[in-house]
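Worksheet: one structure, shown below.
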Amino acid sequence: MAPRYWLLKSEPQVFSIDDLQREGRTGWGGVRNYQARNFMRDEMKEGDLALFYHSNATPPGVAGLARVVGTPAADPSQFDPKSPYFDATSSKASPRWVMATVAFVERFDLVPLEVLKADPALAGMVLLQKGQRLSVQPVSPSHFARVLKLAKAKFKVTRRDNHP
DNA sequence: GCCAACGTTGGC
DNA sequence: GCCAACGTTGGC
C-alpha cells in the first residue's frame, strides 16, 4: 500500500529533530489526545513518512523528516507513576495510550510556519487550520510534496524578539 | 505574558 | 445530555 503522510509536533526544547538524529529512532509517547492516538494506533503504517514540526519554537516550523517503523505499542509512560503522562485508569491488559515508533530520515533548514502560511499551495493543510492543536495529524500527498519542495529552498529566518 | 481555541471534567 | 469551569496548546 502507498505510504501515508503525517505531521508530528514536538517542542524542540523537549525533543528536537537533532535529538531524533542522535537517537536514530524514538517511541512517540506522551500523546494524550484520543484523535492523535487513533491516528497512531489505527492508521500509521510502517514506511509512512512524517514531517517533524517544531512547535513553541522561535520560529516554529518543519524541521525534518521521519519514517514510521514497526507497529504501534503501548506507551510505557502511562504505567509510570513518576511520569507526567501517568494514567492510573489505564491497565496493562488493555492499555489506553499507544505510540508509534519513528526513525530519523532527514534534517533540513527549517521551513517556517510563516512560509507555510503564505503558500497558496498549502491552503487547507490541517496544520494551518484555525484553532487546531493536534500533535499528530495527517498530511495530504500534495501538501507533503510541497513542503518537501519548500525544504529544498532557502529561507531567511527572522527571529522574533523574545528575550528571556 | 497574553489570549483564542479546544478538550475534558463534573454538577445537575 | 447540557454546559460552565478549568486546563492545555501554541502562536504571537
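To find a chain, count down the sequence lines: A is the first, B the second, and so on, and within it residues start at 1. On a predicted model such as this, the values are computed, not experimentally measured, just so you know.
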**Message:** Quick test of your reading of the model: are A:Asp48 and A:Lys45 salt-bridged, counting only N-O distances below 4.0 Å?
**Reply:** no
**Message:** Quick check against the 3.5 Å criterion: does A:Ser10 have a side-chain atom that pairs as donor or acceptor with the backbone of A:Pro12?
**Reply:** no
**Request:** Considering only heavy atoms of chain A and a distance under 4.0 Å, specify the first and last nucleotide of DNA chain B in 5' to 3' order that meet this criterion.
**Result:** B:dA5 to B:dT8
**Request:** Under 4.0 Å from any atom of DNA chain B, heavy atoms only: list the residues of residues 84-95 of chain A that qualify, in numerical order.
**Result:** none
**Request:** Check the hydrophobic clustering (I, L, V, M, F, W, Y; side-chain heavy atoms under 4.5 Å; chains of links allowed) and say if A:Val136 and A:Leu134 are grouped together.
**Result:** yes
**Message:** Does the plane of the ring in A:Tyr34 sit parallel, tilted or perpendicular to the ring in A:Trp97? Use 30° and 60° as the thresholds.
**Reply:** tilted
**Request:** Consider only side-chain N and O atoms of A:Ser55 and A:Arg133, and report whether a donor and an acceptor are under 3.5 Å apart.
**Result:** no
**Request:** Give a yes or no on whether A:Val68 and A:Phe52 share a hydrophobic cluster (residues Ile, Leu, Val, Met, Phe, Trp, Tyr; joining criterion: side-chain heavy atoms under 4.5 Å apart).
**Result:** yes
**Asked** Got a salt bridge between A:Asp75 and A:Arg32, using NZ or NE/NH1/NH2 to carboxylate O under 4.0 Å?
**Response** yes
**Message:** Test your reading of the model: is there a side-chain donor-acceptor pair from A:Gln21 to the backbone of A:Phe104, 3.5 Å cut-off?
**Reply:** no
**Request:** Check the angle between the aromatic planes of A:Trp28 and A:Phe15 and answer parallel, tilted or perpendicular using the 30° and 60° thresholds.
**Result:** perpendicular
**Fill in**
Rounded to 10°, the angle between the first-five-pair and last-five-pair axes of the helix from B:dG1-C:dC12 to B:dC12-C:dG1 is 10°
**Message:** Donor-acceptor check, side chain of A:Gln132 to backbone of A:Gln129, threshold 3.5 angstrom: yes or no?
**Reply:** no
